[in-house]
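Single-structure report; data block below.
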Amino acid sequence: MAMDVAERIHEQLTRCGITLAASLPDDWVAPLIERITADNQIRHVRVAREAEAVAICSGAFFGGVRAVALMGATGLLTCTGELATLNLRHQIPVFLIVSQRGSIDDHRIYQEVQGRRTIPLLQAYDFPYHIIDQPEDVTSIPDAFETCRMQKRPFVLFLTRRLVKGEGAS
Amino acid sequence: MRAREAIDVLARNRGETVAVCALGMAANEWWAATKSEDSFYMHGAMGFAASFALGLALSLPQVPVWLINADGSLCMNLGCLLTEASQAAHNLKHFVVDNGVYQTVGALPMVNGGRTDYAAIARASGFPRAHTIEALDELERQIPAIVAEDGPSLTVLRVEPEKGFLRTPPMTYEGPEMKYRFGRALERRFGIKVFGPQGY
């Protein structure tokens, strides 16, 4: 991720009032996680499985703390059961920042299913999402966060390869 | 020691604690013993009451948070012990009701058949304190010290499996109502804002 993009996202998360982050790294979101780790205003929780991040953020909601879960697209697929039976069940908002792996410019064979099936899966659950593809759109994060709270369910903010790696990067 | 007896001891000693209960037997028994709305009762996400409790404990560091977990739920997310140990939340205590079976579905045996020492796993994961309690009188004797000690700690309560289904009824509300009752209870008790000015 280009440093300025991680910095911009971090700045917007601060603007949202986020003071807790739970993460399991994917290489596309790793620079953002490193920035958050260095921020002593945000409590960063490293987890061993992505659904832990979902439940940690859900618990934090009831402590009046604004939280974000960070992970890769494969991790998002692993926690759909918890997102359904905890967050959808009780209408608990959880804000997730996820790398949009498996896109047409992500030439990794082990990501191609995630690219084809992740968004249809979110649509099946009726989980809202927003895709950030350009650095200028990073400023939409506070609106996305507020929408997550209003809709009272998981909201996935996808970061594209072009955004995190830059145009034409290999 | 029976599960209900162990839960009753915890309930009598809960003080100002906020509890998070794993789904099934733990949640139903805690509701029966406390009828508390400042407890969160999981209805799903088996294994992740632990993570939910950790997020709550980190967000309210001055509030004692107890996780009423069960062995089936713990085994579904053993990795939670690594995360709990690494975060070292001094206000979090983790109780595991260990009966060796999936009680809620009719007491079918678990995978490990009583061979596993959860307290040893917790210590090896980095918990500074972990206990195993086999008998009710032992629990009565030890609970004041467990309540008083700093977290994170893990206490395994070895209880007898009940025969067949456990018929303790679940809490009388669910889903979004549980969210609002729990959130509003915490707002009243701690003066925090869980919900915004328009109620969401």
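Protein chains get the first letters and strands the later ones, always in sequence-line order, with residue 1 at the start of each. Only heavy atoms go into these numbers, but all of them, side chains included; no hydrogens, no water, no symmetry mates.
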Legend entry - B:Leu82, part contacting chain A, at a heavy-atom distance under 4.5 Å: neither
Legend entry - Heavy atoms of other groups near B:Arg189 CZ, more than 12 under 6.0 Å: yes
Legend entry - Taking every non-hydrogen atom, the tightest pair across A:Phe62 and B:Lys179: CE2-O, 3.4 Å
Inset, instruction - Name the member of B:Ser86, B:Ala53, B:Gly79, B:Ala50 that forms the most heavy-atom pairs with chain A at distances under 4.5 Å. - result: B:Gly79
Inset, instruction - Determine the minimum heavy-atom distance between B:Val194 and A:Arg149, stating which atoms define it. - result: O-NH2, 3.1 Å
Legend entry - Option that, when pairs with chain A are counted at under 4.5 Å, heavy atom only, ranks first among B:Ala45, B:Pro176, B:Ala49: B:Pro176
Inset, instruction - Find out if a path of hydrophobic residues (ILVMFWY) with successive side-chain heavy-atom gaps under 4.5 Å connects B:Leu60 to A:Val45. - result: yes
Inset, instruction - Consider only side-chain heavy atoms of I, L, V, M, F, W and Y, link residues closer than 4.5 Å, and tell whether B:Trp31 and B:Phe95 are in one cluster. - result: yes
Legend entry - Contact summary for A:Gly59 and B:Leu56, nearest pair of heavy atoms: O-CD1, 3.5 Å
Legend entry - Shortest non-hydrogen contact between A:Gly64 and B:Ile192, atoms and distance: N-CD1, 4.1 Å
Inset, instruction - Look at the side-chain heavy atoms of Ile, Leu, Val, Met, Phe, Trp and Tyr, link any pair under 4.5 Å apart, and say whether B:Val18 and B:Trp30 land in one connected group. - result: yes
Inset, instruction - Would you give the length of the straight line joining atom SG of A:Cys79 to atom CZ of B:Phe48, rounded to the nearest 0.5 angstrom? - result: 8.0 Å
Inset, instruction - Select, from A:Ala53, A:Ala48, A:Ala60, the one with the greatest count of heavy-atom pairs under 4.5 Å involving chain B. - result: A:Ala60
Inset, instruction - Flag the pair B:Thr83 / A:Ile56 as yes when at least one side-chain heavy-atom distance between them is below 4.5 Å, and no otherwise. - result: yes
Legend entry - Between A:Ala84, A:Ala67, A:Ala22, A:Ala51, the one whose heavy-atom pairs under 4.5 Å with chain B are most numerous: A:Ala51
Inset, instruction - Say whether A:Leu96 and A:Leu121 are linked into one hydrophobic cluster, either directly or through other cluster members, by side-chain heavy-atom distances under 4.5 angstrom. - result: yes
Inset, instruction - Would you indicate whether B:Arg184, at its atom CZ, is surrounded by more than 12 heavy atoms from other residues, nucleotides or ligands within a distance under 6.0 Å? - result: yes
Inset, instruction - Name the option with the most non-hydrogen atom pairs under 4.5 Å to chain A; the candidates are B:Met42, B:Lys193, B:Gln87. - result: B:Gln87
Legend entry - B:Tyr180, part contacting chain A, at a heavy-atom distance under 4.5 Å: side chain
Inset, instruction - Heavy atoms only: give me the nearest B:Phe40-A:Leu86 pair and the separation to one decimal. - result: CE2-CD1, 4.2 Å
Legend entry - A:Glu136 CD: over 12 foreign heavy atoms closer than 6.0 Å: yes
Inset, instruction - Dump the intermediate steps for side chain to side chain contact (heavy atoms under 4.5 Å, CB included) on B:Ser51 and A:Val47, then the final yes or no. - result: CA-CA 9 Å; B:Ser51 312; A:Val47 299; over 6 Å; no
Inset, instruction - Could you grab the distance from atom CG of B:Leu186 to atom CZ of A:Phe61, nearest 0.5 Å is fine? - result: 10.5 Å
Legend entry - For B:Tyr200, the option from A:Gln91, A:Lys152, A:Glu146 that meets side chain to side chain donor-acceptor pair (under 3.5 Å): A:Glu146
Legend entry - Most chain B-contacting option - heavy-atom pairs closer than 4.5 Å, from A:Arg89, A:Arg46, A:Gln151, A:Arg49: A:Arg89
Legend entry - Aromatic ring pairing B:His43/A:His90, orientation class (parallel under 30°, perpendicular over 60°, tilted between): tilted
Inset, instruction - Give the cluster check for A:Val156 versus A:Leu32: same hydrophobic cluster or not, with ILVMFWY residues linked at side-chain heavy-atom distances below 4.5 Å. - result: no
